[in-house]
There are 2 protein chains.
Amino acid sequence: MTVTLADVAARAQVSPATVSRVLNGNYPVAAATRERVLKAVDELDYVLNGPASSLAAATSDLVGVLVNDIADPFFGIMASAVQAEIVGPGGRAGGERLAVVCNTGGLPERELTYLTLLQRQRAAAVVLTGGAVENEEHIAAVAAKLRRLTEAGTRVVLCGRPPVPDTDTVALTFDNRGGARQLTEHLLSLGHRRIGYVAGPEERTTTRHRLEGHREALAGAGGPTPDDLVVHGPYDRASGYTATRELLGRAPDLTALVAANDTVALGACAALREAGLRIPEDVSVAGFDDLPFSVDAVPALTTVRLPLSEAAARAGRIAMDREAAPEGGVDEVRGELMVRGSTGVPREA
Amino acid sequence: MTVTLADVAARAQVSPATVSRVLNGNYPVAAATRERVLKAVDELDYVLNGPASSLAAATSDLVGVLVNDIADPFFGIMASAVQAEIVGPGGRAGGERLAVVCNTGGLPERELTYLTLLQRQRAAAVVLTGGAVENEEHIAAVAAKLRRLTEAGTRVVLCGRPPVPDTDTVALTFDNRGGARQLTEHLLSLGHRRIGYVAGPEERTTTRHRLEGHREALAGAGGPTPDDLVVHGPYDRASGYTATRELLGRAPDLTALVAANDTVALGACAALREAGLRIPEDVSVAGFDDLPFSVDAVPALTTVRLPLSEAAARAGRIAMDREAAPEGGVDEVRGELMVRGSTGVPREA
DNA sequence: CTCTGGATAGAAAGCGCTTGCTATCGAGCC
DNA sequence: GGCTCGATAGCAAGCGCTTTCTATCCAGAG
């Protein structure tokens with residue numbers, strides 16, 4: 001039925017071993033023989049049997065990219081960059097690898113399921129993107145899985161995720177704390193004092209770090225962060241919308257709003273507008289990430305730009321061993337404050 | 001080194017065959033034995049060897065999802081929906097499958113490369129999303145590949161892509177033409193006559209169909225489509241921006257602008273605003289797809305909503321054989337015109 | 001108490017490929 | 001001219017799992 005290596009070998013009048021070597025190109029084969037084999041491959045329209053090959057060679061050409069939410073451009077951009085590096089610059093350069101992105105939905109179980117699935121497939125490398133869930137049990141489970149993966153020869157790279165102690169993994173983290181601090185400091189410097197904060201989901205490293213940065217900035221300005229000015233919710237537009245309405249109810253006097261990310265900020269803007277408040281005249285709004293649409297918001301969103309594409313590309317290269325891992329296995333990538341139209345001087349400043 | 005089925009068998013005091021049967025659950029195994037095996041699996045932390053299993057069973061649990069640009073929410077949303085259906089409603093329900101999304105970048109070669117890679121992995125199913133490149137050679141090559149895939153037992157489903165004749169594939173198409181027609185008719189009914197059109201890349205089915213719908217509407221209103229009011233470009237913000245500047249230069253009198261999709265529309269808005277034109281007072285703008293951010297644009301974008309998530313979920317279910325394929329293997333999904341603030345009556349109407 | 005048959009478990013033959021080791025063939029060298 | 005060595009090609013042993021075919025065991029039937 002299906003064409004096998006043996007068929008090709010028969011047609012090319014060589015042994016299966018030779019065909020295998022031509023296809024893998026890691027053993028000298030006379031030019032004439034190679035030609036003959038390639039011709040046979042072509043004529044028979046032969047396609048290597050991946051599983052058989054992986055089994056025999058004990059490695060596969062699968063590379064996994066785990067993301068929390070593929071529908072979110074934040075992850076889409078990173079996934080795209082990683083994948084581009086993995087397939088190879090030329091589109092198919094080098095040993096064709098299958099870069100597969102796995103959507104965990106931010107669920108701990110799914111993350112583990114995918115990790116197991118990738119382990120099962122003997123993946124060549126795995127890139128984990130985005131914030132991690134901060135749940136002791138889950139962290140331990142993931143660490144164990146990653147240890148097992150690296151032991152089996154799978155290279156593991158984390159991007160935008162805190163390093164996992166006691167593992168052979170490489171981590172490229174984002175300076176969420178520092179970025180958030182800068183952002184809030186910017187607001188403080190404009191004169192804002194009552195600043196609402198729409199945080200991401202609890203138990204997420206990204207959420208915590210950004211919130212900590214915010215608190216640091218406020219603490220630096222002498223004030224604590226009133227708990228009632230912080231509301232948690234998922235990283236989506238709806239959360240920004242509802243949280244803002246909630247905050248507006250709790251503190252009608254706030255003059256600025258910091259959102260967990262740009263998407264949330266957009267929802268916040270919608271809620272403010274609906275409440276008849278102008279941006280930034282009545283309330284300033286700031287986001288995080290600087291996703292492509294942020295510059296097009298009206299007014300353009302003040303935010304912290306994270307070099308998602310660059311960082312992810314680097315992660316991909318490290319995973320492919322085409323770039324050295326950073327000293328110590330960890331490197332922090334900084335964000336850049338982008339001041340735009342959505343933030344301004346408060347009403348009565 | 002690594003734990004194998006045999007190790008588990010030894011530990012559980014059973015034969016490898018029994019372990020395999022417990023793991024696959026397709027053969028009666030006494031409860032007590034099953035327990036013993038499962039315990040051994042757990043104690044040894046055994047993970048099935050995917051390649052070996054796929055080789056022996058001649059099938060794999062990989063399902064491929066091809067997208068043109070994973071960084072674009074249009075595809076991210078579809079990928080997410082397909083993946084959710086494939087993994088199973090419960091997160092890990094059923095025979096754990098690995099849904100992998102492959103980013104083709106809209107490049108024909110890459111599309112074929114991924115298809116080959118999936119064929120090589122003996123994928124259980126493949127879902128192709130988004131418009132296809134309209135290049136005869138490429139179409140034939142893809143058709144051949146798909147034929148080969150279906151022959152090998154891989155189920156192939158197209159989502160938002162025209163059916164491929166003479167193949168055993170199922171296609172869920174979007175009514176791009178009809179949606180575009182409605183959109184332009186809406187503009188015409190408002191009184192617009194000079195309408196610019198920022199089209200997608202040439203040689204793409206989506207581009208062509210939307211443009212045809214636009215032309216149909218204009219023809220219905222008695223006028224042809226002046227060629228100089230149509231500009232092609234990629235499906236991104238930058239394209240919308242530059243194309244709009246170009247159009248503004250060519251026809252300063254235009255009162256409305258239709259973009260290939262929402263992202264492009266956003267770029268168009270930016271260019272208009274920069275030119276000092278108000279939306280919709282001076283120029284009306286319309287997009288396509290109704291991506292999440294469109295409702296948050298200011299003014300909110302008039303567009304055609306495509307049920308991306310629903311359609312993709314359905315495609316996923318069909319691929320998993322959990323839903324019957326539509327009659328004839330093809331079904332057209334309609335869009336819905338969403339009239340919002342970005343379109344209005346033209347200046348001198 | 002022996003016989004029949006359903007329910008389980010095991011033996012073993014691959015699945016298609018990779019790769020260490022061996023065999024072959026000339027060419028260059030003493 | 002016989003010998004050594006580099007360059008190629010083939011042999012054959014797996015890689016770890018699935019599955020067909022058989023063997024075994026025990027309950028109920030006669």
Side-chain angles (χ1 to χ4, degrees), chain A residues 1-38 40-41 44-62 95-96 117 119-124 152-153, chain B residues 1-38 40-41 44-62 95-96 117 119-124 152-153:
Chain A
M1 226 333 280
T2 57
V3 183
T4 72
L5 233 211
D7 299 329
V8 176
R11 172 144 200 146
Q13 315 254 54
V14 297
S15 73
T18 301
V19 177
S20 171
R21 303 207 252 245
V22 167
L23 261 23
N24 291 298
N26 49 12
Y27 190 90
V29 173
T33 313
R34 152 175 291 112
E35 288 300 291
R36 207 140 32 87
V37 170
L38 257 18
V41 165
L44 295 176
D45 209 5
Y46 170 69
V47 173
L48 193 66
N49 181 316
S53 165
S54 297
L55 171 58
T59 63
S60 87
D61 45 13
L62 227 61
E96 300 177 340
L117 244 24
Q119 179 185 0
R120 172 178 300 184
Q121 298 298 334
R122 305 301 190 249
Chain B
M1 225 332 280
T2 58
V3 183
T4 72
L5 233 211
D7 299 329
V8 176
R11 172 144 201 148
Q13 315 253 55
V14 297
S15 73
T18 301
V19 177
S20 172
R21 301 204 255 244
V22 168
L23 262 24
N24 291 299
N26 48 11
Y27 190 90
V29 174
T33 315
R34 152 176 290 111
E35 287 301 289
R36 205 139 34 86
V37 170
L38 257 18
V41 165
L44 295 176
D45 208 7
Y46 170 69
V47 173
L48 191 68
N49 182 316
S53 165
S54 297
L55 171 57
T59 62
S60 88
D61 46 13
L62 228 61
E96 301 178 336
L117 244 24
Q119 179 185 0
R120 172 179 301 185
Q121 299 297 334
R122 305 301 188 251

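The interatomic distance linking Asp7(A) (CG) with dC15(C) (P) rounds to 12 Å, in whole Å. dT18(D) atom C1' lies 10 Å from atom CG of Leu55(B), rounded to whole Å. For the pair Asn49(A) CG and dC15(D) P, the computed distance is 18 Å after rounding to whole Å. Look at CG on Leu5(B): it is 12 Å from P on dT19(D), rounded to the nearest Å. The distance between atom CG of Leu48(B) and atom P of dG16(D), rounded to the nearest whole Å, is 12 Å.
At the phosphate of dT18(C), OP1 or OP2 sits under 4.0 Å from a side-chain N or O atom of Asn24(A).
Rounding to the nearest 0.5 Å gives a distance of 11.5 Å between OG1 of Thr33(A) and CZ of Arg21(A). Note that CG of Leu48(B) is 7.0 Å distant from CG of Asn24(B), once rounded to the nearest 0.5 Å. The CG atom of Leu62(A) sits 13.0 Å away from atom CZ of Arg120(A), with the distance rounded to the nearest 0.5 Å.
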What side-chain donor-acceptor pairs closer than 3.5 Å can you find for residues 3-15 of chain B, not counting sequence neighbours?
residue  : atom : partner  : partner atom : Å
Thr4(B)  : OG1  : Ala6(B)  : N            : 3.3
Asp7(B)  : OD2  : Thr4(B)  : N            : 2.8
Arg11(B) : NE   : Glu43(B) : OE1          : 2.7
Arg11(B) : NH2  : Glu43(B) : OE1          : 3.0
Ser15(B) : OG   : Ala17(B) : N            : 3.4
Ser15(B) : OG   : Thr18(B) : N            : 3.3
Ser15(B) : OG   : Thr18(B) : OG1          : 3.2

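Of all non-hydrogen atoms in Ser60(A) and Ser54(A), the two that sit nearest each other are CB-OG, 3.5 Å. Listed here is the closest heavy atom pair of Val29(A) and Arg34(A): O-NH1, 3.4 Å.
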Seminar exercise, completed: In B/S/- notation (B base, S sugar-phosphate only, - none; protein heavy atoms under 4.0 Å), nucleotides 7-14 of chain D written 5' to 3' is -SBBB--B

